[in-house]
Amino acid sequence: MLGILRQKVGAGSSSAMSMQRIRPTTSALRAFSSSAKEMTVRDALNSALDEEMSADPKVFLMGEEVGEYQGAYKISKGLLDKYGPDRVLDTPITEAGFTGIGVGAAYYGLKPVVEFMTFNFSMQAIDHIINSAAKSNYMSAGQINVPIVFRGPNGAAAGVGAQHSQCYAAWYAAVPGLKVLSPYSSEDARGLLKAAIRDPDPVVFLENELLYGESFPVSAEVLDSSFCLPIGKAKIEKEGKDVTITAFSKMVGYALQAAEILAKEGISAEVINLRSIRPLDRNTINASVRKTNRLVTVEEGFPQHGVGAEICTSVVEDSFGYLDAPVERIAGADVPMPYAANLERLAVPQVEDIVRAAKRACYRSASLAASA
């Protein structure tokens, strides 16, 4: 069945955009596991794929340029040489085709990892992801498991326009039957990808292009081949007592930077790295809000029906009596992503936006209505 995928795509990929520094300074990284070395997110993903493919012969990788070119972002570097073309499959440029083949392979007990060069292209395959992968376990009364991972870069990069910059976290998180993960650090990337591959259900794994080259501290525990993070559990990256800031993917780094700035002004911010968008760790979020009595949600996606909106609803439903200020939502602008660099910056959340929102929540600045 998989033989037709052995043809190679010869076309090259556009080079990755230059990386921007989005990490906080070292002092804000104390919440990571104690580390002896650093690892890039790219290497964390590569090593997780390698170890899971080595441990389970049912795991295979497929997508555009994952083999001969070693991945558009070099996530699959070295895997074709090690595992051969039967398990690292270069596909034609046809997301609907190879995603459908991947779902079919999962029906028969294999464990495909389907790479999209960008999640914007997953729209070509969304019928297979939602109607075939997400719903089959329920519609078969539990008789069919679909152990498949859909992974690739999600959200804004830099200068690639509206059709290559969208965040799909809220889209896929709305679908019963899917699990949706979004790593920030190398620890997240390694532990969550291993969890996704081992999971019996379909997992949408949302990476970020600008994080691939970022290095993060990793401990010996994280580097162990048995390391795996639980799906559905958030991580408190920085403890605080005055305001809770939730974020995922690249925005976690922005939230940590904002927390450093706020600390200089006497505001102690607690930063939660969601890690898992579906299932959402409502317990950790609500416990934090009950401690700080304030909430700021941060995401790159559109504001309407977003991840932040769901978090706000959860807090209003479960912890409304603990709130001392209106909830603040920081999200991308409600427009297609502009191509011009100056407009692009205005369309995605910035560190200063998070700082202003946290200060409003703490009544340390003028409200939006008062300043209008």
Side-chain angles (χ1 to χ4, degrees), residues 16-52 71 73-78 151-158 169 181-197 205-231 233-240 245-261 263 269-277 281 284 298-300 349 351 354:
M17 298 297 174
S18 57
M19 303 297 174
Q20 64 183 41
R21 302 302 295 179
I22 59 177
R23 287 175 55 205
T25 57
T26 304
S27 61
L29 293 173
R30 60 184 180 275
F32 284 103
S33 301
S34 57
S35 60
K37 62 171 292 186
E38 290 204 348
M39 173 181 275
T40 64
V41 171
R42 177 182 291 108
D43 288 342
L45 293 168
N46 177 268
S47 65
L49 280 169
D50 185 9
E51 290 172 10
E52 293 306 301
Y73 300 97
K74 300 299 180 276
I75 304 301
S76 53
K77 184 177 181 180
R151 54 155 295 271
N154 171 69
L181 308 179
S182 188
Y184 162 59
S185 66
S186 301
E187 178 180 316
D188 293 354
R190 193 170 148 76
L192 291 175
L193 184 54
K194 282 174 164 284
I197 293 172
F205 197 85
L206 304 173
E207 301 157 12
N208 186 277
E209 178 185 335
L210 296 178
L211 285 174
Y212 285 145
E214 289 291 307
S215 294
F216 293 86
V218 290
S219 66
E221 176 191 5
V222 172
L223 294 174
D224 190 277
S225 61
S226 64
F227 178 72
C228 187
L229 288 172
I231 292 176
K233 182 64 178 174
K235 179 184 180 183
I236 298 177
E237 296 282 356
K238 178 186 177 299
E239 293 188 356
I245 304 175
T246 65
F248 61 95
S249 189
K250 185 175 66 175
M251 290 294 106
V252 177
Y254 282 22
L256 288 169
Q257 289 184 48
E260 287 187 337
I261 296 170
E270 180 149 294
V271 177
I272 297 178
N273 173 6
L274 295 176
R275 283 181 168 171
S276 179
I277 311 301
D281 189 355
T284 294
V298 186
E299 64 186 305
E300 278 189 301
V351 173
I354 304 171

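In this text the structure is predicted, and so the values were computed from the model without any measurement.
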**Asked** Are any of the side-chain heavy atoms of Glu221 and Phe227 separated by less than 4.5 Å?
**Response** yes
* Within a strict 4.5 Å, meaning less than it, do heavy atoms of the Val218 and Lys37 side chains meet? -> yes
Residues Lys235, Leu274; criterion side chain to side chain contact (heavy atoms under 4.5 Å, CB included); working and verdict: CA-CA 6 Å; Lys235 179 184 180 183; Leu274 295 176; over 6 Å; no
Least distance between heavy atoms, [X] atom then [Y] atom:
X      : Y      : answer
Tyr254 : Pro349 : CE2-O, 3.3 Å
Lys194 : Ala48  : CG-CB, 4.0 Å
Ser276 : Ile231 : OG-CG2, 4.1 Å

At what distance, to the nearest 0.5 angstrom, does [atom1] of [X] lie from [atom2] of [Y]?
X      : Y      : atom1 : atom2 : value
Ile75  : Arg151 : CD1   : CZ    : 5.5 Å
Ser47  : Glu52  : OG    : CD    : 10.0 Å
Glu207 : Ser249 : CD    : OG    : 9.5 Å
Ser76  : Asp50  : OG    : CG    : 11.0 Å
Ile197 : Phe205 : CD1   : CZ    : 8.5 Å
Leu181 : Ile277 : CG    : CD1   : 8.5 Å

- So Leu45 and Tyr212, side chain to side chain contact (heavy atoms under 4.5 Å, CB included) or not? Walk me through it. CA-CA 9 Å; Leu45 293 168; Tyr212 285 145; 3.6 Å; yes
[X]: which residues meet the side chain to side chain donor-acceptor pair (under 3.5 Å) condition with it, sequence neighbours left out?
X      : value
Asn273 : Asp188, Glu237
Glu300 : Lys250
Thr284 : Lys233, Asp281
Asp43  : Thr40

Any donor-acceptor pair under 3.5 Å from [X] side chain to [Y] backbone:
X      : Y      : answer
Glu270 : Glu239 : no
Ser186 : Met39  : yes
Arg42  : Tyr73  : yes
Asn46  : Lys77  : yes

Residue set satisfying salt bridge (charged side-chain N to carboxylate O under 4.0 Å, His left out) with Glu299, at least two apart, ordered chain then number -> none
Hits for salt bridge (charged side-chain N to carboxylate O under 4.0 Å, His left out) against Arg190, two or more places apart or cross-chain, chain-then-number order -> Glu51
request  = Begin with the C-alpha distance, continue with both residues' side-chain angles, and end with the deciding distance and a verdict on side chain to side chain contact (heavy atoms under 4.5 Å, CB included) for Leu256 and Tyr184.
outcome  = CA-CA 12 Å; Leu256 288 169; Tyr184 162 59; 4.1 Å; yes
Run the side-chain contact (heavy atoms from CB on, under 4.5 Å) test against [X] and tell me which residues pass, sequence neighbours left out.
X      : answer
Ile261 : Glu265, Val351, Val355
Ala259 : Lys238, Ala269, Val271
Ala247 : Met251, Val252, Ala255, Val298

Are there over 12 heavy-atom neighbours, none belonging to Lys74, within less than 6.0 Å of that residue's NZ? yes
